[in-house]
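One structure is given here, and the rest of the page talks about it.
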Amino acid sequence: MKLLKRIALIFAKVLLGFVLLIALLVGALFWHSKNVEIEYKQYSTLKSGDGSHSLIIEVGNPVLAYGPHSVLITIKNASESEVVVAKKTKLSNDGARIDTNNINTHWIDTDIAHVCIRGDEQKDTLMVIDVQSRTITEIDEQC
């Protein structure tokens, strides 16, 4: 009977150590994903019809394998290179490479731009950017 209790106690300690190790690894992974510095690469630049503004899309690699890509949308004033409006968002595409099927941009007129974000693991999101009011509105609709 004492042998069984001793085996059970050893098994419980090993199991507790394993659970603590897993919790530590998950915590470290969570901390890393929140505190990593994302390096953005320019994906596209599109000038407005009158050339007064530039719509710049930059994409960062996923922090974790198969994680979402970070996307930075920026409108700059072409004459002064001043940032008019900027927004960070995510593109969930199962870690796959981003292409024109995922991010589509166009100017409606000189003050309104549309950015469509489409990922395999998310609903389509249409970003309506109004340069005059300096706003970006997200609309969940197919684009």
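No experiment lies behind these values; they were computed from the predicted model shown.
A 4.5 Å side-chain heavy-atom check between Ile73 and Leu55 finds at least one atom pair inside the cut-off. No side-chain heavy atom of Thr74 sits less than 4.5 Å from a side-chain heavy atom of Val85. Between Val59 and Ile103 the shortest side-chain heavy-atom distance falls below 4.5 Å.
Residues Val84 and Val131 share a closest heavy-atom pair of CG1-O, 3.8 Å. Nearest heavy atom pair, residue Thr100 against residue Tyr43, reads N-OH, 3.2 Å. Closest of all the heavy-atom pairs between Thr45 and Ser54 is CG2-CB, 4.3 Å. The two atoms that bring Asp109 and Asp111 nearest to each other are OD1-N, 2.8 Å, heavy atoms only. Taking both residues in full, the closest heavy atoms of Ala78 and Gly51 are given as CB-O, 3.3 Å, listed atom of the first, atom of the second, then distance.
With values rounded to the nearest 0.5 angstrom, Asp124 atom CG is found 10.0 Å from Asn102 atom CG. Residue Leu91 holds its CG atom at 9.5 Å from CD of Glu121, rounded to the nearest 0.5 Å. We find the OG1-CD distance between Thr125 and Glu141 to be 10.0 Å, quoted to the nearest 0.5 Å. Put simply, NZ on Lys47 and NZ on Lys76 are 11.0 Å apart, with the number rounded to the nearest 0.5 Å. Taking CD1 of Ile75 as the reference point, atom CD1 of Ile136 lies at 7.0 Å (rounded to 0.5 Å). Here CD1 of Ile117 is found 9.5 Å from OG1 of Thr105. Values are rounded to the nearest 0.5 Å.
Here Glu138 does not pair with Lys90 in a salt bridge; the nearest charged N to carboxylate O distance is not below 4.0 Å.
Note on Ile98: it does not cluster hydrophobically with Ile38, by side-chain heavy-atom contacts below 4.5 Å among ILVMFWY residues. There is a path of hydrophobic side-chain contacts, each under 4.5 Å, that joins Leu126 to Ile108. Taking hydrophobic clusters as Ile, Leu, Val, Met, Phe, Trp and Tyr residues chained together by side-chain heavy-atom distances below 4.5 Å, Phe18 shares a cluster with Val26.
More than 12 heavy-atom neighbours from other residues, nucleotides or ligands sit within 6.0 angstrom of CD on Gln42.
Counting only residues at least two apart or on different chains, the ring pair (Phe, Tyr, Trp, His ring centres under 6.0 Å) pairs with a member in residues 114-143 are His106-His114.
Glu82 places no side-chain N or O within donor-acceptor distance of the main-chain N or O of Asn77, the cut-off being under 3.5 Å. With hydrogens and angles ignored, the 3.5 Å screen pairs a side-chain donor or acceptor of Trp107 with a backbone N or O of Leu46. The backbone N or O of His53 lies less than 3.5 Å from a partner atom in the side chain of Ser48, making a donor-acceptor pair. His69 contributes a side-chain N or O that, together with a main-chain N or O of Gly60, makes up a donor-acceptor pair within less than 3.5 Å.
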